[in-house]
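The block underneath contains the structure these notes are about, expressed in structure tokens.
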Amino acid sequence: MTIRTRFAPSPTGYLHIGGVRTALFNWLLAKQAGGQFILRIDDTDTRRNLEETLQPILDGFRWLGLDWDEGPEVGGPQAPYFQSQRLAHYQTASRQLLASGHAYRDYSRPEEIAAEREAAEKEKRDFVYSRTWMAQSDEESAEFESQGRSFVVRLKMPRDGKCEFHDLVRGDVSFDWARESDHVIQRGDGTCLYHLANVVDDHDFDVTHVVRAVEHLSNTPRQIFILKSLGYSMPQYAHVPFVAEPGSKNKLSKRKIDQYLNNKDFKRLYQSGAEIAKRIGVEADPYSFNPVLVDFYRDIGFLPDAVLNYLVLLGWSLDDKTENFSRTEMLEHFSADRIVRSEASFDCQKLLSFQATYMNALPLKQKTKMCLGFLQKAGLVGEPVACEQGDVISKIVEAAGDRICMAGDILKFDTFFITDEDLEFEDKPFQKRMVKPANAGFLLAEFNKVLRVTDNFDAAVLETALHGFCETHGVGVGDIIHALRVAVTGKAAGFGMFDTLAILGRQRSCNRIQIALDELAKRVEANQ
RNA sequence: GGCCCCUUCGUCUAGUGGUCUAGGACUCCGGCCUUUCACGCCGGCAACACGGGUUCGAGUCCCGUAGGGGUCACCA
């Protein structure tokens, strides 16, 4: 039997990182067995613009490389894959349930049910519907309708015994039937509710494994009741723990961004993301752009494999030490029986660490390509790129090395892309490295003379030149190199000094040093 | 509140009665490397929620307690 799994997002306009984790488990389970992964859209409830709210979700899946075999845009034998278009199927099932006596027409009014519920609460007993307005025959229906009542369809749940089933993650579970109320499956207007739709669709799509978050565990008995009453076979269930908030065990929610922003690591990630977003013209409003959403990672230059690797370990492990899983390795090793039972908190640091590892392993060519995209979006590099400039960018990316964690980090090195005149000197380093050391100006001016005449302007030559210079002047490398960095980049920290000079080239390097010296003279004068 | 679920370092986890003076990873803290930053390398801090059993022996089994979470819709 081929394994078929599904993920059923509501079109909410964004792809939630916790949802993706669950989707990933589904995807792995199906794909590793040569089965199918289905995407079904749970939009029974939405009045929103489907196009607008679905696209970001589909884009997110595509970016991550979680391809679906059946679903929106790809179709499939059971199309459509939108619940909003499958009402007829649910209504048929509802009629069948009615006919077999597993459901009934209920003519109660909302306030009557509410009163019963309230009474039960007052007496501190479980609410069990009296079924006073239950109609099981046409005569009864006619009677109620003559009173001006209309009906909904409710499940006629068993009132004794237990519902027992096996769950791939939680083991054997059981619930008392008596605690299950007579859930509504069809509204007065004929539209159907989630539980019915869900069971019917899973059956129609031949879903063999229902892998979803634990919050659905307590929904399972009523779904089992529906499916058994309809004569369907039971799928395998696997209720996986949900992804929890950073630093707590509450379910991760996109609505609580303000609160997460109080978390140090979350805030830091958000801020570095927002900085990049600002430069490339992406709206960085924390409600639509934050580390809970998959778009966030795509927009700031994460690698999808890094995100996936982090997510697969959120609630699953292979053994006591293996941490790095390529997609192929995940597919090879994933197994439902090693899914953990307790909820896992979302940890930005660890995700970042995976990203750093993957980015580091990325071949220079691809890394350059990713970074180039950001430079272009930020308007620092034209489109198309001049061949010569392409080489320079590649050199910058290479020299930056692991300082580029996400591709958007390239923007931190924009100093290479601005004109010498526009270079701004950060105040503190300028004071500390240029103004304060008495001989900084002199040394810099002298060294600038050397720079103008070196045979060559590559890193090795420059390094030799600087060492020679230091020797003749009887100073240490540290006495000049810091000032040199500030003069040429405006910043206190950056990558290798000689690489920096070589990339800038002779003319720009010397020019910048001269500008810095002029600035120094100006400040010294102002101080006197 | 009822029902259900969960509980090993700050975080993700390994652990299926002796090999656990509890292992790995991230973070953090030292040190080394070094022209800065970062990387890297070496080292360190840090956990079996609590209480009872069962057993020669319990992180591992049982019971209870506490804490956390989920769920109780004509939402999905």
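So that the names make sense, note that chain A is the first sequence line, chain B the second, and so on, each numbered from 1.
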A:Asp347, A:Leu252, A:Asp265 screened by side chain to side chain contact (heavy atoms under 4.5 Å, CB included) with A:Pro246, the one that passes: A:Leu252
Select one nucleotide: of [options], the one nearest the side-chain heavy atoms of [X].
| X | options | answer |
| --- | --- | --- |
| A:Glu215 | B:rA76, B:rG70, B:rC12 | B:rG70 |
| A:Ser353 | B:rC26, B:rA76, B:rU36 | B:rC26 |
| A:Lys350 | B:rU36, B:rC75, B:rG24 | B:rG24 |
| A:Asp347 | B:rG10, B:rA76, B:rA38 | B:rG10 |
| A:Gln349 | B:rU27, B:rG2, B:rU11 | B:rU27 |
| A:Glu323 | B:rG68, B:rC3, B:rA25 | B:rA25 |

Heavy-atom closest contact (A:Ser94 atom, A:Leu196 atom, distance): CB-CD1, 4.2 Å
Can a side chain N or O of [X] be found less than 4.0 Å away from OP1 or OP2 on [N]?
| X | N | result |
| --- | --- | --- |
| A:Arg117 | B:rA73 | yes |
| A:Arg154 | B:rC74 | yes |
| A:Ser345 | B:rC12 | yes |
| A:Ser218 | B:rC72 | no |
| A:Arg170 | B:rG70 | no |

Can you say whether a donor on the side chain of [X] sits under 3.5 Å from an acceptor on the base of [N], or the other way round?
| X | N | value |
| --- | --- | --- |
| A:Arg433 | B:rU36 | no |
| A:His195 | B:rA76 | yes |
| A:Lys321 | B:rA14 | no |

In the structure shown, which nucleotide is the Watson-Crick or G-U wobble counterpart of [N], with both distances under 3.5 Å?
| N | value |
| --- | --- |
| B:rC3 | B:rG70 |
| B:rU36 | none |
| B:rU54 | none |
| B:rC41 | B:rG31 |

Nearest whole angstrom, please: distance from the [atom2] of [N] to the [atom1] of [X].
| X | N | atom1 | atom2 | result |
| --- | --- | --- | --- | --- |
| A:Arg179 | B:rU71 | CZ | P | 18 Å |
| A:Phe175 | B:rG70 | CZ | P | 15 Å |
| A:Asp320 | B:rU8 | CG | C1' | 14 Å |

Upstream residue (5' side of RNA chain B) when A:Arg187 and A:Ser174 are each assigned their closest nucleotide: A:Ser174
Identify whether any heavy atom of [X] sits under 4.0 Å from a base atom; if not, whether one sits that close to sugar-phosphate; answer base, sugar-phosphate or nothing.
| X | result |
| --- | --- |
| A:Asp402 | base |
| A:Ala492 | base |
| A:Val184 | sugar-phosphate |

Residues [X], [Y]: salt bridge by 4.0 Å N-O rule:
| X | Y | value |
| --- | --- | --- |
| A:Asp499 | A:Lys395 | no |
| A:Glu245 | A:Lys251 | no |
| A:Arg403 | A:Asp409 | no |

Geometric class of the A:Phe266/A:Phe346 ring pair [parallel <30°, tilted 30-60°, perpendicular >60°]: perpendicular
